[in-house]
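Report on the structure given below.
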Amino acid sequence: MNNETEVSQREMLKIIGLFRKNGFKGEYETFTRSKEDANEYLVVVTDENTHIKGLFKANPSKDMVSFQHVLNESDPVA
């Protein structure tokens, strides 16, 4: 990995598994490692049913997914 915020495919699969375990289904757009906690990731997900895009924090080591806020077209998260 070139960058400390890059997320490997293996990490992405763990995160997606965690989301599915918690009942989330949708399109996973971006995965970014948190700068505050190496075990935490910021994930942008568009819900399969509502098509609402949201920012989530995921921490596989704590088996935790937490909603942060809804994103719209003008939000600069990528």
Side-chain angles (χ1 to χ4, degrees):
M1 285 192 280
N2 310 351
N3 185 335
E4 63 188 36
T5 60
E6 285 184 24
V7 180
S8 72
Q9 270 194 315
R10 186 174 188 183
E11 290 168 313
M12 287 180 198
L13 291 174
K14 282 184 182 180
I15 294 165
I16 290 170
L18 180 59
F19 271 85
R20 289 185 178 161
K21 180 179 174 183
N22 283 279
F24 293 96
K25 291 183 181 176
E27 183 179 332
Y28 301 88
E29 296 186 24
T30 62
F31 297 84
T32 307
R33 189 178 311 281
S34 170
K35 292 178 184 171
E36 291 99 33
D37 184 343
N39 296 318
E40 244 177 28
Y41 301 86
L42 298 173
V43 184
V44 174
V45 179
T46 300
D47 183 82
E48 180 178 82
N49 297 317
T50 64
H51 305 289
I52 294 173
K53 187 184 293 189
L55 176 66
F56 293 82
K57 273 190 184 177
N59 188 324
S61 67
K62 293 182 180 176
D63 206 25
M64 178 206 70
V65 172
S66 63
F67 173 74
Q68 299 302 297
H69 63 86
V70 172
L71 299 173
N72 60 39
E73 302 344 317
S74 64
D75 287 317
V77 176

Can you tell me how far the [atom1] atom of [X] sits from the [atom2] atom of [Y], to the nearest 0.5 Å?
X     : Y     : atom1 : atom2 : answer
Lys14 : Lys21 : NZ    : NZ    : 13.0 Å
Asn22 : Phe67 : CG    : CZ    : 14.5 Å
Asp47 : Lys25 : CG    : NZ    : 10.5 Å
Leu55 : Glu29 : CG    : CD    : 11.0 Å

What heavy-atom pair brings [X] and [Y] nearest, and what distance separates the two atoms?
X     : Y     : result
Ile15 : Pro60 : CG1-CG, 4.1 Å
Ala58 : Phe19 : CB-CE1, 3.9 Å
Tyr41 : Arg33 : OH-NH1, 3.2 Å
His69 : Leu71 : CE1-CD2, 3.2 Å
Phe24 : Tyr28 : O-OH, 3.6 Å
Leu18 : Val65 : CG-CG2, 3.6 Å

Residue pair Lys62, Asn39: steps toward the side-chain contact (heavy atoms from CB on, under 4.5 Å) verdict: CA-CA 9 Å; Lys62 293 182 180 176; Asn39 296 318; over 6 Å; no
I would like to know whether Glu40 and Met64 meet side-chain contact (heavy atoms from CB on, under 4.5 Å); could you show each step before the answer? CA-CA 9 Å; Glu40 244 177 28; Met64 178 206 70; 4.2 Å; yes
Short side-chain donor-acceptor distance under 3.5 Å, Gln68 and Ser66: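 Checked: Ser66/Gln68 side chains pair up, N/O donor to acceptor below 3.5 Å.
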